[in-house]
2 protein chains.
Amino acid sequence: MIDDWAAREQIVTAADRLFYGRGVQAVGMDAVRAQAGVSLKRIYALFPSKDDLVVAVLHHRSRRWDAGLAAATATVESPRDKLLAVFDFLADWFVEEDFRGCAFINSFGELGALSPQVAAAAREQKASFQGYVAALVRAAGAPESLAPQLAILAEGAQTTAAIAGTPDAARQARDAAATLIEAALAPARTPA
Amino acid sequence: MIDDWAAREQIVTAADRLFYGRGVQAVGMDAVRAQAGVSLKRIYALFPSKDDLVVAVLHHRSRRWDAGLAAATATVESPRDKLLAVFDFLADWFVEEDFRGCAFINSFGELGALSPQVAAAAREQKASFQGYVAALVRAAGAPESLAPQLAILAEGAQTTAAIAGTPDAARQARDAAATLIEAALAPARTPA
DNA sequence: TAAGATAGAGAACGATGGTTCTCAACGCAA
DNA sequence: TTGCGTTGAGAACCATCGTTCTCTATCTTA
């Protein structure tokens with residue numbers, strides 16, 4: 001038998017793929033069991049309810065997102081380039097064949113009104129992302145107000161790419177971000 | 001008895017409120033019947049399936065959105081101000097107490113993978129909005145590339161405001177839009 | 001007024017889902 | 001080897017949902 005840690009991993013990974021691909025409510029726990037290869041009894045021993053599993057999946061995705069973002073921004077040096085690398089990270093993601101938008105946005109729309117835990121998980125992930133962007137903005141020496149603007153661009157790119165079914169939004173958002181960054185830094189370069 | 005037109009209206013309005021507030025799959029047809037005050041038989045005579053009703057609700061929302069947007073941009077003269085008025089329109093929307101994000105984004109996330117009709121309705125609405133912004137951008141004399149950038153800002157503001165639970169994103173997106181518009185128009189003002 | 005069509009209320013039906021339970025198989029300690 | 005505890009497979013259970021059907025009451029029209 002596999003240990004609890006590996007079982008959790010398999011269950012969460014399987015549930016993530018299914019929930020993300022079809023939506024949470026469209027996936028029964030039996031489908032999770034089949035995909036994970038773990039008995040229902042075991043699943044319920046590790047996750048007391050489907051809602052708990054959903055929250056675990058979101059936390060798992062949040063960690064993966066953080067790691068991917070850190071890796072993407074680690075490839076360049078300057079804070080300005082790191083900010084733009086965020087949009088390159090999105091571009092790479094949008095072309096993946098199973099891309100279906102942001103799981104947090106999707107889950108929030110589907111379950112946010114029903115599950116406070118899901119709503120909180122989405123809120124935390126977005127706040128974390130905004131904090132990450134804000135740190136890069138500070139490092140770049142740009143005014144704080146730039147951070148939410150860039151975060152909004154990233155969010156919009158995700159939904160736009162998902163619904164349109166094309167990755168164009170990543171480049172468009174990147175171009176807009178470059179313009180906003182330049183404008184934010186310009187006054188500092190040429191003070192009155 | 002009420003006529004078909006009024007019945008359709010009541011059903012769609014009731015379903016819209018319920019679907020938007022709780023998510024589509026969380027609302028049973030019986031809840032729609034109760035809220036609409038129209039018998040299930042009548043509902044199914046007018047909408048052969050729940051999926052058809054969902055699509056009708058989305059089309060209804062699309063018309064309301066178009067009208068609201070047209071009204072909001074009609075209050076100002078210049079194309080540039082009309083573009084900014086889009087974000088004021090969002091700001092007014094975000095402070096409504098039942099605001100829960102964009103119904104098209106939410107529906108797409110919940111049902112896009114299951115219902116091609118729902119996916120198409122979302123895609124059409126977003127394309128229509130992008131077209132509207134593109135027309136304003138053209139009228140403002142700015143390069144075409146500005147339009148998707150502003151549209152992405154608007155999308156991002158909607159999801160950000162919904163998940164954060166605050167209307168701040170409208171102002172932030174508006175500020176970003178003003179910067180992008182200015183940057184897009186600047187080269188035209190000072191040609192080489 | 002009487003017959004017939006129609007509509008509404010809600011029961012009924014079949015499917016599905018989340019969750020729990022049964023039971024047989026297995027591993028392990030004495 | 002013999003119990004005992006644990007596990008997995010899946011049946012079972014109960015609720016809910018989309019959809020249809022039944023039955024009664026109402027309205028129309030001649």
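In what follows, chains carry the letters A, B, and so on, assigned in the order in which the sequence lines appear, proteins first and then strands, with residues in each chain numbered from 1.
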Nearest-angstrom distance from the residue atom [atom1] of [X] to [atom2] of [N]:
X         : N       : atom1 : atom2 : value
Leu114(B) : dT16(C) : CG    : C1'   : 14 Å
Arg22(A)  : dT16(C) : CZ    : C1'   : 14 Å
Leu18(A)  : dG17(C) : CG    : C1'   : 15 Å
Leu46(A)  : dG18(C) : CG    : C1'   : 17 Å
Asp3(A)   : dT7(D)  : CG    : P     : 12 Å
Leu53(A)  : dG18(C) : CG    : C1'   : 12 Å

Please determine if a side-chain N or O atom of Arg42(A) lies less than 4.0 Å away from the OP1 or OP2 oxygen of dT7(D).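 Checking Arg42(A) against dT7(D): no side-chain N or O falls below 4.0 Å of OP1 or OP2.
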Generate the contact string for nucleotides 11-27 of chain D. Rules: B means base contact, S means sugar-phosphate contact only, - means no protein heavy atom under 4.0 Å. -------SBB-------
Listed partners of Gln172(A) passing side-chain hydrogen bond (donor to acceptor under 3.5 Å, both in side chains), at least two apart: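 side-chain hydrogen bond (donor to acceptor under 3.5 Å, both in side chains) check on Gln172(A) returns nothing, list empty.
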Side-chain donor-acceptor contacts of residues 95-116 of chain A below 3.5 Å, not counting sequence neighbours, with atom names and distances?
| residue | atom | partner | partner atom | Å |
| --- | --- | --- | --- | --- |
| Arg100(A) | NE | Tyr20(A) | O | 2.8 |
| Arg100(A) | NE | Gly21(A) | O | 3.0 |
| Arg100(A) | NH2 | Tyr20(A) | O | 3.4 |
| Arg100(A) | NH2 | Gly109(B) | O | 3.2 |
| Asn106(A) | ND2 | Arg100(A) | O | 2.9 |
| Ser107(A) | OG | Ala103(A) | O | 2.7 |
| Glu110(A) | OE1 | Val24(A) | N | 3.2 |
| Glu110(A) | OE2 | Val24(A) | N | 3.4 |
| Glu110(A) | OE2 | Gln25(A) | N | 2.8 |
| Ser115(A) | OG | Asp51(A) | OD1 | 3.2 |
| Ser115(A) | OG | Asp51(A) | OD2 | 2.9 |
| Ser115(A) | OG | Gln117(A) | N | 3.4 |
| Ser115(A) | OG | Val118(A) | N | 3.1 |

Please confirm whether Arg61(A) makes a cation-pi placement over Phe19(A), using NZ or CZ under 6.0 Å from the six-membered ring centre and within 45° of the ring normal.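 Not satisfied by the 6.0 Å and 45° rule.
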Tell me, do Leu46(A) and Val38(A) make a side-chain contact under 4.5 Å, heavy atoms counted?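 No - every pair of side-chain heavy atoms lies 4.5 Å or more apart.
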Residue among Asp81(A), Asp88(A), Asp168(A), Asp92(A) satisfying salt bridge (charged side-chain N to carboxylate O under 4.0 Å, His left out) with Arg174(A):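 So the option named by the test is Asp88(A).
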Side chains of Tyr44(B) and Ser49(B), donor plus acceptor under 3.5 Å: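 Distance-only check fails for Tyr44(B) and Ser49(B).
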